[in-house]
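Taking it in order: structure first as structure tokens, then the write-up.
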Amino acid sequence: MSRATREAYRDSVLVLLGRHPELMCLDSDTGLFSADHAAAAGDQYLNLGIAEQNLMGVAAGMAACGRVPFVNTMAAFAASRALEAIKIDIAYNRLPVRIMATHGGLAAGHLGPTHQALEDLAVMRVLPGMTVVVPADAAATEAIVEQSVTLPGPLYVRLGRKPTPPIPAAPPPVIGKAQTLRTGGDVVLVGCGPYPVLACVAAAQVLAEQGIEATVLNMHTLRPFDAETLIAAARPATLVVTIEEHWRAGGLGGAVAEALAEAAPTRVLRLGVPDKFVDEVGNQEHLVAHYDLTAERVVRAVRTALDTTARSGKTDWKEHHS
Amino acid sequence: MTITQLLERDTLNDVAARIRSHVVDMCAGPEGGHLGGALSCVDVLTALYFSVLNVDTHWPDDPDRDRFLLSKGHAAVALYATLAERGFFPVDELAGFGRAGSRLMGHPVRAVPGVELPTGSLGHGLALGCGFALANRYAGRASRTFVLLGDGELQEGSVWEAAIAAASQRLDRLVAVVDRNGLQLTGPTDAIAPMEPLAERWRSFGWAVREVDGHDPELLADLLDAAPWEPGKPSVLIARTVKGQGLPFLAGRASSHYVTLSPRNHARAISALRDAESLR
Ligand SMILES: Cc1ncc(C[n+]2csc(CCOP(=O)(O)OP(=O)(O)O)c2C)c(N)n1
């Protein structure tokens, strides 16, 4: 059943607050917690108003005194507006603040570039000590929130807005460990977040029908980055395709390219939102289709790349180099 | 029709009523809209665009124009409806709000004629307004800059950084309006972060302050037109408003913040606006 990852977070943190008195939930007038939710959390919940920099500073201060705050804001306001407080007050001090960032990627849809977050993964994953996670569905979100209670240091979790479908047959993710959803030796498809991972799974199915076997990785954790699993999957393959709701620079595609360039050079195609501010109006589904972050696009990217290699008479160039 | 002809036929209240009904229609679209905070600032926008601002729909880039920024960018539906009524683009275009193929993004974007700069992340508008006012002063232009803020938005520290800068730079061609509807996204502003005495706060930051009924467009127009009220000081008008003004079933409730009107509630809203009109 489709469910919003942000609601899965809210419902699971409410349970955890009851079990762990050191946890806090600090809000910034987001509306994710209704009056009833707030009442259920008792004095472990505070709405600190519309002031995201202050939110991060207050969370850092509380964390330095032994509390574990979950803070709620939109990804855009966390990763850009409150960034310095996150960098200096939270990450520099290695404090266990859980930044629960809704409206990640294109989830803000028609609300536009002020509310879309297409930079957050790039920004967050360069901060030393920051753990960066993008759950692909509601069940994964629950697992991540559960694990976050004892995770050392700061955590950034990118969540969505509206309900998104579950990833079929995906076991609960473990922070820091890439999930292999399918194994195949020809190409590797790597995604993070609901629509991209679904696109990889569907694309692998289509490719298999065409005789191309794909490994599918749900790279839900961007930092610490599970290079080991990626490299092992990429070794036999001729091509790695990444797909994400993020600008093409610096996010999942960037992380994959960095890891492979140093350890196992493999051709990487990065699918994402082109390098400009979104000027197309429409909801998330529309924008995902508009920027063609779809299974069809992944299939096309793989086919074009493999056909070109075949036509140019080059065999697997890795054979020449290894 | 020129604005002079239009205002010979219609009062500011007539214009505001038409803008309200566009706002309601836009919030009945598939993505809904920020209904409550749009309705609370319609009278302010009407006063500005139909009486105060020196702007030319045929020459939106006139360097001598007055400038307006909707710092509470989520009230985009109200701004778009006002700009369309004023003649910046066809009223028919409003039906596309938030839909694929339209240029009417959920927060103001520069692709829309009449929009100066994009807003939507709260707490940006006043600093931008300081920039406009400073640039105009350097250019020797007498034009004024108006910035509309939400009262919840005042919780953003950046607003007060800009308030300090405006007073320090003696930007008396800068006018802020606070849409003091007493509510923000999740509840009453004064329950989340008390702002009173708000007028005193602004005064202590070096601003000239007036506090009035924000649903009387004639009064608003007179006051705003008279700014600066004190030489050498920026001006702030605290407009006492009602979130969801005009819709008894939503007015004064935080739940009016973001609404997708169902067909039934859309009909209810239309008839509520019509009733209010017949009583006027
Ligand atoms: C920086 C930032 N934080 C949070 C939001 C989400 N948000 C949109 S409107 C709103 C409430 C604004 O309250 P107020 O300024 O009083 O506006 P009004 O009640 O007049 O609509 C919030 C929290 C935002 N747009 N920008």
Side-chain angles (χ1 to χ4, degrees), chain A residues 27-39 45-58 72-82 84-85 103 106-117 161-162 277-291, chain B residues 26 29-34 71-74 76-77 96-112 115 117-125 149-161 183-195 254-255 257-258:
Chain A
D27 213 335
S28 55
D29 204 37
T30 62
L32 180 58
F33 286 68
S34 69
D36 288 344
H37 294 123
Y45 174 88
L46 286 178
N47 181 359
L48 293 172
I50 312 166
E52 294 78 11
Q53 301 179 58
N54 179 65
L55 175 75
M56 298 304 169
V58 171
N72 311 329
T73 182
M74 292 190 199
F77 309 142
S80 299
R81 187 188 201 93
E84 197 187 51
H103 299 62
L106 294 165
H110 81 294
L111 297 175
T114 55
H115 284 54
Q116 292 154 355
R161 177 181 182 221
K162 296 212 169 144
F277 286 96
V278 169
D279 55 8
E280 174 74 14
V281 176
N283 62 20
Q284 184 178 19
E285 280 92 340
H286 173 74
L287 295 177
V288 164
H290 178 77
Y291 292 114
Chain B
M26 290 158 91
E31 301 298 329
H34 289 88
S71 191
K72 48 169 282 186
H74 57 280
V77 282
F97 173 72
R99 294 179 202 250
S102 165
R103 53 182 171 177
L104 303 183
M105 194 78 89
H107 291 87
V109 285
R110 290 177 93 181
V112 180
V115 172
L117 291 177
T119 49
S121 176
L122 294 168
H124 286 249
L149 301 147
D151 53 356
E153 182 182 7
L154 302 182
Q155 291 154 14
E156 291 286 3
S158 54
V159 173
W160 300 99
E161 295 176 25
L183 291 167
Q184 53 195 82
L185 196 153
T186 58
T189 297
D190 283 326
I192 294 163
M195 281 289 158
S255 58
H257 184 77
Y258 194 98

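Lettering of chains follows the sequences in order, A, B, ..., and the numbering in each one begins at 1.
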Q: Would you mind checking which part of A/N47 comes under 4.5 Å of any heavy atom in chain B, side chain (CB onward), backbone (N, CA, C, O), both or neither?
A: both
Q. Looking at CG of B/L185 and CG of A/L32, how far apart are the two atoms once the value is rounded to the nearest 0.5 Å?
A. 10.5 Å
(Q) Distance check, rounded to the nearest 0.5 Å: A/E280 atom CD versus B/R103 atom CZ? (A) 14.0 Å
**Q.** Which residues share a salt bridge (charged side-chain N to carboxylate O under 4.0 Å, His left out) with A/R81, sequence neighbours left out
**A.** A/E52, B/E156
Q: Hey, could you give me the CD/CE distance between A/Q116 and B/M105, rounded to the nearest 0.5 Å?
A: 6.0 Å
Q) Checking heavy atoms, do the side chain of B/S158, its backbone, both or neither come under 4.5 Å from chain A? A) side chain
Q: Take B/H74 and A/T114, measure what side chain to side chain contact (heavy atoms under 4.5 Å, CB included) needs, and give me the verdict at the end.
A: CA-CA 10 Å; B/H74 57 280; A/T114 55; over 6 Å; no
Q.
For the CZ atom of A/F33 and the OG1 atom of B/T186, what is their distance to the nearest 0.5 Å?
A. 12.0 Å
Q) Which one, B/H107, B/H34, B/Q184, leads in non-hydrogen pairs under 4.5 Å with chain A? A) B/H107
Q.
Parallel, tilted or perpendicular: which one describes the rings of A/H110 and B/Y258, with boundaries at 30° and 60°?
A. perpendicular
Q.
Report which part of A/T30 has an atom under 4.5 Å of a heavy atom belonging to chain B: side chain, backbone, both, or neither.
A. backbone
Q) Side chain, backbone, both or neither: which part of A/D27 has an atom under 4.5 Å from a heavy atom of chain B? A) neither
Q: Go through the structure and list residues passing salt bridge (charged side-chain N to carboxylate O under 4.0 Å, His left out) with A/D29, not counting sequence neighbours.
A: none
Q | A/E285, CD atom: more than 12 neighbouring heavy atoms under 6.0 Å | A | yes
(Q) Heavy-atom pairs under 4.5 Å with chain A: which of B/E153, B/H257, B/R99 has the most? (A) B/R99
Q: With a 4.5 angstrom heavy-atom cut-off, could you sort out which part of B/L104 is near chain A: side chain, backbone, both or neither?
A: backbone
Q: Find the distance between OG (B/S121) and CG (A/L111) and round it off to the nearest 0.5 Å.
A: 12.0 Å
